[in-house]
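See structure below.
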Protein chains: 2
Amino acid sequence: MTNSTELRLRMLQAAEIQLAASGNDISTRAVCEAVGVGQPVLYRLFGDKAGLMSALVDHGYDRFIERKRHLAKTDDPVADLRAGWNDHIAFAVENPAIYRLMFSPTLGPQISAPRALLDLLTGTLERCAQAGVLLVSPALAAQRIRAACTGVALAILSRPDLYTDPDLSDSVRDSVFAGCIGASVQLPPDRRLGGTAVQLAALLREGPASVLGAEEQRLLLKWLDALGG
Amino acid sequence: MTNSTELRLRMLQAAEIQLAASGNDISTRAVCEAVGVGQPVLYRLFGDKAGLMSALVDHGYDRFIERKRHLAKTDDPVADLRAGWNDHIAFAVENPAIYRLMFSPTLGPQISAPRALLDLLTGTLERCAQAGVLLVSPALAAQRIRAACTGVALAILSRPDLYTDPDLSDSVRDSVFAGCIGASVQLPPDRRLGGTAVQLAALLREGPASVLGAEEQRLLLKWLDALGG
DNA sequence: CCCGCTGACGTAACATCGATACGTGACCAA
DNA sequence: TTGGTCACGTATCGATGTTACGTCAGCGGG
């Protein structure tokens with residue numbers, strides 16, 4: 001006989017497949033059909049369609065937290081922090097539909113798993129605080145990091161046509177980290193070079209210089225754009 | 001006779017009210033009932049429920065862009081940038097349901113309004129670039145700022161119980177800005193171009209860039225020297 | 001004045017979906 | 001065998017998105 005928890009898992013997997021296929025919504029009928037049971041079993045196991053969705057989100061959080069546990073915990077908490085951000089983005093890209101359910105929920109009954117996940121982040125940040133590199137309390141830093149990280153992830157997921165910068169995640173991550181972590185991250189020389197190139201390009205576009213010809217300026221602007229990234 | 005566009009507007013307003021009330025979903029029947037028309041008019045005006053939703057989102061973007069136009073454009077582009085971020089957050093808090101529709105869309109047919117809004121941000125950033133305070137290209141900076149800003153807004157909207165820091169928005173804003181904006185060195189405009197060229201030439205001579213070939217850099221340096229005086 | 005046409009509207013229906021009442025059969029203890 | 005409990009499926013209800021069809025106002029021509 002199929003155990004109740006096993007059936008529950010099979011329905012969750014079926015629901016997850018349907019969600020990934022349709023993108024944002026599923027049908028209880030289709031889920032039951034895929035598993036080969038009637039609809040009442042769904043309502044006995046999950047009580048409600050919202051219950052099924054909540055279970056789906058919880059299942060996603062389970063997988064996410066499990067994944068985070070497998071991340072190596074090194075003796076450099078800041079490096080762990082960076083790895084955690086990157087893993088967050090990777091999870092979002094690999095599971096777009098569930099990620100949206102997890103981190104862009106509708107108003108309504110809240111789930112407790114996000115709190116646990118935020119506490120996990122706070123734990124890493126407390127190790128940073130013990131290392132003496134944190135500028136603010138771990139709780140505040142966790143909110144900033146999580147908010148910015150989900151923003152980047154949702155942006156990449158929802159509008160890949162608008163958010164085309166391959167370094168978007170790394171850039172925002174470094175900026176937010178720099179605002180929370182005191183360890184001075186000096187700008188590499190090529191960064192300053194890029195900034196200067198961007199500035200010069202803007203100035204040239206505003207008012208072209210007279211010492212250079214039109215064609216030369218066109219090529220110059222092209223190179224400056226390349227230098228600016 | 002009620003004009004067609006006026007009827008359209010009334011239905012949009014009714015839909016917006018219902019959306020704000022229910023939080024995340026509306027019923028075509030309820031919208032038509034509220035306006036006092038049959039359902040076929042909705043399908044004649046919007047073609048589809050998705051069409052109604054898209055029109056709702058477009059309407060939200062219209063209001064948002066109109067609001068941004070009324071923001072004073074001062075001679076300090078960085079201050080304008082900060083005001084724009086704060087206005088974004090304020091709009092999200094004042095219109096949570098529509099904001100979610102606008103900035104956390106489901107997969108599917110994309111709307112063009114977000115692009116226009118991102119271009120508006122890019123415009124302000126180009127003014128920053130002309131002032132010489134931008135470290136990266138306006139397009140890249142716009143992506144970082146918009147992604148982080150929507151992340152903060154969605155976090156505050158979706159989980160106010162988790163994101164309790166009243167300074168969350170300001171903190172993330174300042175961090176992200178710090179990653180895109182350098183210390184401004186205000187020089188008279190006519191001298192800024194030459195000075196920037198000299199600075200870029202010095203940086204290039206100190207450490208050549210990898211994105212340009214040797215011959216290209218030689219010519220670039222020649223032009224930069226010409227620009228510098 | 002009457003007739004036919006067009007365009008907009010409402011009524012009523014269909015398909016689908018979430019949710020549930022009820023009957024049926026398996027299994028178990030006495 | 002009998003009575004009871006539990007899980008399941010069938011059939012159904014109410015609501016919702018969507019559409020076919022009839023109806024009516026307005027209008028130009030005979």
Side-chain angles (χ1 to χ4, degrees), chain A residues 1-60 97-98 100-101 105-111, chain B residues 1-59 97-98 100-101 105-109 111:
Chain A
M1 135 184 182
T2 62
N3 192 2
S4 177
T5 69
E6 182 193 339
L7 185 61
R8 211 182 119 96
L9 195 69
R10 278 172 52 208
M11 300 197 69
L12 279 180
Q13 288 170 344
E16 198 166 328
I17 291 175
Q18 305 231 351
L19 181 71
S22 96
N24 57 351
D25 201 11
I26 60 176
S27 148
T28 62
R29 277 185 156 86
V31 170
C32 295
E33 232 171 75
V35 185
V37 297
Q39 294 152 307
V41 290
L42 188 150
Y43 290 89
R44 227 171 283 121
L45 288 178
F46 302 99
D48 206 349
K49 180 180 183 178
L52 172 65
M53 290 301 194
S54 294
L56 212 51
V57 170
D58 272 328
H59 191 233
I98 301 182
R100 223 185 309 260
L101 274 192
T106 68
L107 301 146
Q110 309 286 24
I111 305 181
Chain B
M1 131 183 181
T2 62
N3 192 1
S4 178
T5 70
E6 182 193 337
L7 183 62
R8 212 183 119 97
L9 197 69
R10 277 172 52 208
M11 299 197 70
L12 278 180
Q13 290 170 343
E16 197 166 331
I17 291 176
Q18 305 230 354
L19 181 70
S22 96
N24 57 351
D25 200 12
I26 61 178
S27 149
T28 62
R29 275 186 158 85
V31 171
C32 296
E33 232 171 73
V35 185
V37 298
Q39 294 149 309
V41 290
L42 188 151
Y43 289 89
R44 233 171 276 120
L45 289 178
F46 300 98
D48 206 349
K49 180 181 181 178
L52 172 65
M53 289 303 193
S54 294
L56 212 52
V57 170
D58 273 328
H59 191 235
I98 301 181
R100 223 185 309 261
L101 275 193
T106 68
L107 300 146
I111 304 182

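Just so it is clear: chains get the letters A, B, ... in the order the sequence lines come, proteins before strands, and each one is counted from 1. None of these values were measured; they are calculated from a predicted model.
Here the CG atom belonging to B:L12 is positioned 11.5 Å from the CD1 atom belonging to B:I17, to the nearest 0.5 angstrom. How far CG of B:L52 is from CG of B:L45: 9.5 Å, rounded to the nearest 0.5 Å.
For A:L9, the side-chain contact (heavy atoms from CB on, under 4.5 Å) test picks out A:Q13, A:H59, with sequence neighbours left out. Taking B:A30 as the reference, B:Q18, B:S27 meet the side-chain contact (heavy atoms from CB on, under 4.5 Å) condition, with sequence neighbours excluded. Taking A:D58 as the reference, A:I111, A:A113 meet the side-chain contact (heavy atoms from CB on, under 4.5 Å) condition, with sequence neighbours excluded. Residues satisfying the salt bridge (charged side-chain N to carboxylate O under 4.0 Å, His left out) test with B:D25, not counting sequence neighbours, are B:K49.
Heavy atoms of A:G36 sit under 4.0 angstrom from primed sugar atoms or phosphate atoms, though from no base atom.
For the pair A:L52 CG and C:dG18 P, the interatomic distance rounds to 10 Å; values are reported in whole Å. One interatomic measurement links the two molecules: CD of A:E33 to C1' of D:dC8, which rounds to 16 Å at whole-angstrom precision. Rounded to a whole Å, the CD atom of A:E6 is 16 Å from the P atom of D:dA7. In this structure, A:L7 atom CG and D:dG9 atom C1' are separated by 14 Å, rounded to whole Å.
Note on the helix from C:dC1-D:dG30 to C:dA30-D:dT1: terminal axis deviation equals 30°, with five pairs used at each end and the result rounded to 10°.
Pairs passing the side chain to side chain donor-acceptor pair (under 3.5 Å) check and including a residue from residues 28-40 of chain B, sequence neighbours excluded, do not occur.
Checking side-chain atoms of B:R10 against main-chain N and O of B:V35 turns up a donor-acceptor pair under 3.5 Å.
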Checklist outcome for this item: Protein heavy-atom contacts under 4.0 Å, written 5' to 3' over nucleotides 16-22 of chain D as B (base), S (sugar-phosphate only) or - (none), form the string BBBBB--
